[in-house]
Amino acid sequence: MAIIARKGSQLVRKHREQKERKKAQHKHWELAGTKLGDIMGVKKTEDADRSGGKAVGEDGKVDYRAEQKFADHMRDKSEASSDFAKKKTLLQQRQYLPIFAVRQQLLNIIRDNSIVIVVGETGSGKTTQLTQYLHEDGYTSYGMVGCTQPRRVAAMSVAKRVSEEIGTNLGEEVGYAIRFEDCTSEKTLIKYMTDGILLRESLRESDLDHYSAVIMDEAHERSLNTDVLFGLLRDVVSRRTDLKLIVTSATMDSDKFAAFFGNVPIFHIPGRTFPVDILFSKTPQEDYVEAAVKQGLQIHLSGLIGDILIFMPGQEDIEVTSDQIVERLEDLENAPALTVLPIYSQLPSDLQAKIFQKAPDGVRKCIVATNIAETSLTVDGIMFVVDAGYCKLKVFNPRIGMDALQVYPISQANANQRSGRAGRTGPGQCYRLYTQSAYKNEMLTTTIPEIQRTNLANVVLLLKSLGVQDLLLFHFMDPPPEDNMLNSMYQLWILGALDNTGSLTPTGRLMVEFPLDPALSKMLIVSCDMACSADILIIVSMLSVPAIFYRPKGREEESDQVREKFSVPESDHLTYLNVYMQWKNNNYSSNWCNDHFIHTKAMRKVREVRSQLKDIMVQQRMNLISCGSDWDIIRKCICAAYFHQAAKLKGIGEYVNVRTGMPCHLHPTSSLFGMGYTPDYIIYHELVMTTKEYMQCVTSVDGEWLAELGPMFYSVKQAGKSRTENRRRAKEDIINMEEEMSMAEEQLQARREEQDKKTNTGTVKVVKICTPGRKDEAPMTPRRTPARFGL
DNA sequence: CTATGTCCG
């Protein structure tokens with residue numbers, strides 16, 4: 001009943017909104033008229049002034065000034081342009097790269113120093129050539145040359161290219177390693193890999209004895225793994241004088257990198273890109289969606305040739321922007337054809353592939369993207385970039401143990417990366433929908449590195465298993481906030497991975513074996529004792545991939561209804577299990593996925609993860625048993641690893657966090673959402689602040705389970721005799737053991753102070769992070785009006 | 001009572 005009412009009212013509202021919006025738009029266009037200048041608010045740029053300085057539009061609302069010429073650091077991996085490739089041999093192509101001119105100098109400086117920072121601009125050829133130069137210079141005679149990449153695709157494609165250049169089969173002299181795929185052999189001399197792989201390797205072999213040289217490519221992106229490797233490799237090099245470390249960096253932070261590694265030399269390799277004109281908005285834009293739509297259309301109607309790339313923070317904005325461009329273009333007479341293509345990572349791959357297809361002759365492409373187009377995928381033929389100036393960032397707040405996924409202004413580094421996307425195949429233009437003063441004064445030079453804004457439980461576990469005694473003294477380039485480290489250690493203590501002295505327990509050592517977040521590893525370990533490991537294995541696998549359910553625009557109701565068929569009323573975890581079992585019963589069919597609004601790609605990955613985890617379990621002699629249909633056992637097992645993330649029912653549909661007392665909400669996608677069934681206690685997998693504090697993926701639990709499984713948090717005041725009595729009392733008398741919590745924290749704090757006294761080196765620096773929700777700390781917090789756009 | 005940026009093991 002409740003469901004029907006909810007769906008019904010929603011339908012009506014949506015429909016009404018749509019009608020209203022249409023009406024309002026018509027009004028808008030009648031008022032605005034159809035004169036080009038009026039609609040765009042900008043004069044047509046027949047002859048865009050490329051020399052800089054001159055205003056492009058004089059009388060419009062959106063107004064730009066050419067400010068500077070700009071060539072960016074962009075990744076130009078391996079692909080040479082096709083006609084060039086036809087004419088030249090591989091060797092000639094290699095010699096044409098800018099890095100070739102400085103080859104000997106580079107090798108000399110590497111010979112003379114253990115660590116070198118290389119500033120390699122886009123198109124310099126560093127990624128493909130550095131490894132080969134080291135190989136040619138004899139470094140592979142006593143070990144491998146390793147090269148890390150932040151992304152898998154990069155590791156694979158570069159390895160392929162280099163193996164062709166050397167003239168061997170991929171996987172022999174030149175190979176790569178990524179999760180699920182080790183394409184190397186005993187013959188391998190040059191090994192490309194993701195930075196996560198090298199990190200895992202250092203667990204087995206802390207001095208990296210197999211390597212004679214390690215190149216950390218794209219280090220300026222500062223991925224979590226890169227930052228941990230920084231600290232580790234710095235020490236490895238001091239122990240092993242025969243190991244060479246080469247770290248690539250962007251110009252802006254090369255000095256910082258050099259200082260971190262001990263004032264090591266910086267070597268600069270020029271790049272080869274086309275100039276990009278940067279045009280800033282003269283006035284701040286109130287609504288970046290509106291501004292982007294106008295700018296996109298203005299470029300399109302200017303008659304200049306070339307595809308357009310628009311950067312937006314998220315899926316919703318992308319959809320609104322795309323729709324608006326299409327709609328407004330339809331209202332114009334004789335407008336040239338334009339294909340508008342959205343792209344973001346959650347988009348199914350067949351739709352993603354569209355952006356790489358060539359548009360029909362005379363049709364311009366306009367790609368509307370998240371920052372996926374900033375580094376992860378490169379589209380050729382982009383001449384115009386429109387940059388809204390925002391991105392979404394996940395920031396972890398250790399105090400309340402919650403992530404916040406919110407829109408933040410981008411950094412200058414992001415902005416430069418984005419504009420560089422217009423200069424890949426020819427000179428281009430970048431329209432920034434923010435003022436030059438905002439760029440200079442309000443934007444950070446670089447994005448806050450991931451290590452300072454993420455949950456560190458995994459990093460802490462890893463470093464502990466590497467024998468790092470005091471994590472607060474570990475040499476990070478940018479140390480994470482102390483709160484964050486302490487919180488992670490505390491969390492690991494709760495999970496039984498660390499003992500009271502902060503050392504790794506046997507459970508902790510077992511947890512390290514799994515490429516999972518600690519709580520998930522714990523769940524897997526506990527499940528073996530509770531005889532439901534086969535089922536938990538599936539749930540864990542489902543939880544370690546991104547979104548399973550697909551909710552396409554325009555078919556929201558339909559997909560929601562299909563999803564409800566899978567829903568297990570008391571648990572999202574069990575709902576996931578249910579989905580997997582049904583998929584399995586349908587022979588892992590991709591058609592079945594499509595019919596049920598489920599991401600095929602995600603499910604395939606679940607299967608891969610499951611198989612990898614299963615191998616580890618077998619190797620660790622953990623038994624695989626299913627509990628059949630006794631799903632209470634499964635819920636109890638989940639509770640055993642997540643009791644620290646519990647919420648108590650407060651009112652109808654209202655929950656409060658048991659530990660912090662903070663109100664939390666069920667996410668609308670939860671099986672428990674909007675149902676008549678409202679359990680007294682639930683545990684949640686994740687707490688994320690978006691528009692509200694949402695618990696994502698929840699399972700109902702018995703109050704007494706919490707007391708039984710999380711005795712350091714909860715206790716039942718008086719134990720009754722019967723089960724029902726127990727349960728009743730548990731519901732009434734659950735106490736949050738705040739004192740014990742703070743005791744553990746004090747213990748950690750005391751330890752830290754003790755260490756501080758021993759070494760007053762001041763290596764620990766706490767960096768304040770912009771607290772989510774504090775508007776005064778985010779000067780460029782955008783006015784988000786896209787939902788009401790056009791009204 | 002309503003929605004999630006990008007990666008990695």
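Lettering of chains follows the sequences in order, A, B, ..., and the numbering in each one begins at 1. These numbers come from the heavy atoms of this one structure, side chains and all, not from hydrogens, waters or symmetry mates.
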Should A/Ser376 be listed as having a side-chain N or O under 4.0 Å from OP1 or OP2 of B/dT6? no
Of B/dT4, B/dT6, B/dT2, the nucleotide closest to the side chain of A/Leu405 is B/dT4
Note: A/Asp217 and A/Pro150 closest approach over all heavy atoms is O-CD, 4.0 Å
Rounded to whole Å, CD of A/Glu316 lies from P of B/dG5 at a distance of 9 Å
Here the distance between atom C1' of B/dT4 and atom CE of A/Met695, to the nearest Å, is 17 Å
Original post:
OP1, OP2 of B/dT6 versus side-chain N and O of A/Lys392: anything below 4.0 Å?
Top reply: no
Rounded to whole Å, the CG-C1' distance (A/Asp317 to B/dG5) equals 11 Å
Rounded to whole Å, CG of A/Leu543 lies from P of B/dG9 at a distance of 19 Å
Notebook entry, point to check: Hey, does A/Asn458 reach any base, or is it just sugar-phosphate, or nothing, if we go heavy atoms under 4.0 Å?
Noted result: base
Per atom distances to the A/Asn225 side chain, the nearest of B/dT4, B/dT6, B/dC8 is B/dC8
Winner on side-chain proximity to A/Thr691, out of B/dC1, B/dC8, B/dT2, is B/dT2
Applying ring pair (Phe, Tyr, Trp, His ring centres under 6.0 Å) to A/Phe230 and not counting sequence neighbours gives A/Phe257, A/Phe261
| request: Applying side chain to side chain contact (heavy atoms under 4.5 Å, CB included), run through A/Arg151 and A/Glu221 and close with a yes or a no. | output: CA-CA 11 Å; A/Arg151 280 168 293 280; A/Glu221 287 186 23; 2.8 Å; yes
Rounded to whole Å, CZ of A/Arg222 lies from C1' of B/dC8 at a distance of 16 Å
Next on the checklist: On the nucleotide B/dA3, are OP1 or OP2 found under 4.0 Å from the side-chain N or O atoms that A/Tyr694 carries?
Outcome noted: yes
Taken in chain and number order and not counting sequence neighbours, the residues that satisfy side-chain hydrogen bond (donor to acceptor under 3.5 Å, both in side chains) with A/Asp572 are A/Ser670, A/Ser671
side-chain hydrogen bond (donor to acceptor under 3.5 Å, both in side chains) filter on A/Thr447, not counting sequence neighbours, yields A/Ser411, A/Asn414
Separation of B/dC8 atom P from A/Ile197 atom CD1, nearest Å, is 11 Å
Q | N/O (side chain, A/Arg200) to phosphate O (OP1/OP2, B/dC8) under 4.0 Å | A | no
Answer yes or no: does a side-chain N or O of A/Thr669 lie under 4.0 Å from OP1 or OP2 of B/dT2? no
Check your understanding: What nucleic acid atoms does A/Phe180 come within less than 4.0 Å of, heavy atoms only: base, sugar-phosphate, or nothing?
Key -> nothing
Exercise for the section: Could you go through the side chain to side chain contact (heavy atoms under 4.5 Å, CB included) check for A/Thr446 and A/Arg222 one step at a time? Expected result: CA-CA 10 Å; A/Thr446 54; A/Arg222 304 291 304 277; over 6 Å; no
Among the nucleotides B/dT6, B/dC8, B/dG5, whichever has the atom closest to the side chain of A/Gln315 is B/dG5
Separation of B/dC8 atom P from A/Leu224 atom CG, nearest Å, is 13 Å
Between CD1 of A/Ile410 and P of B/dG5 the distance, given in whole Å, is 16 Å
So, with a heavy-atom separation below 4.0 Å from DNA chain B, the residues of residues 508-525 of chain A are A/Pro515, A/Leu516, A/Asp517
Picking from B/dG5, B/dT4, B/dC7, the nucleotide nearest the side-chain atoms of A/Leu393 would be B/dG5
Review point. So what does A/His667 hit on the nucleic acid, given a heavy-atom distance under 4.0 Å: a base, only sugar-phosphate, or nothing?
Key: base
Hits for ring pair (Phe, Tyr, Trp, His ring centres under 6.0 Å) against A/Phe566, two or more places apart or cross-chain, chain-then-number order -> A/Trp592, A/His596
Those residues at least two apart in sequence (or on a different chain) that pass side-chain contact (heavy atoms from CB on, under 4.5 Å) with A/His665 are A/Lys692, A/Glu693, A/Tyr694
Point to revise | Contact under 4.0 Å: A/Thr690 side-chain N or O vs B/dT4 OP1/OP2 | key: yes
Counting just side-chain N and O atoms, does A/Ser223 come under 4.0 Å of either OP1 or OP2 of B/dC8? no
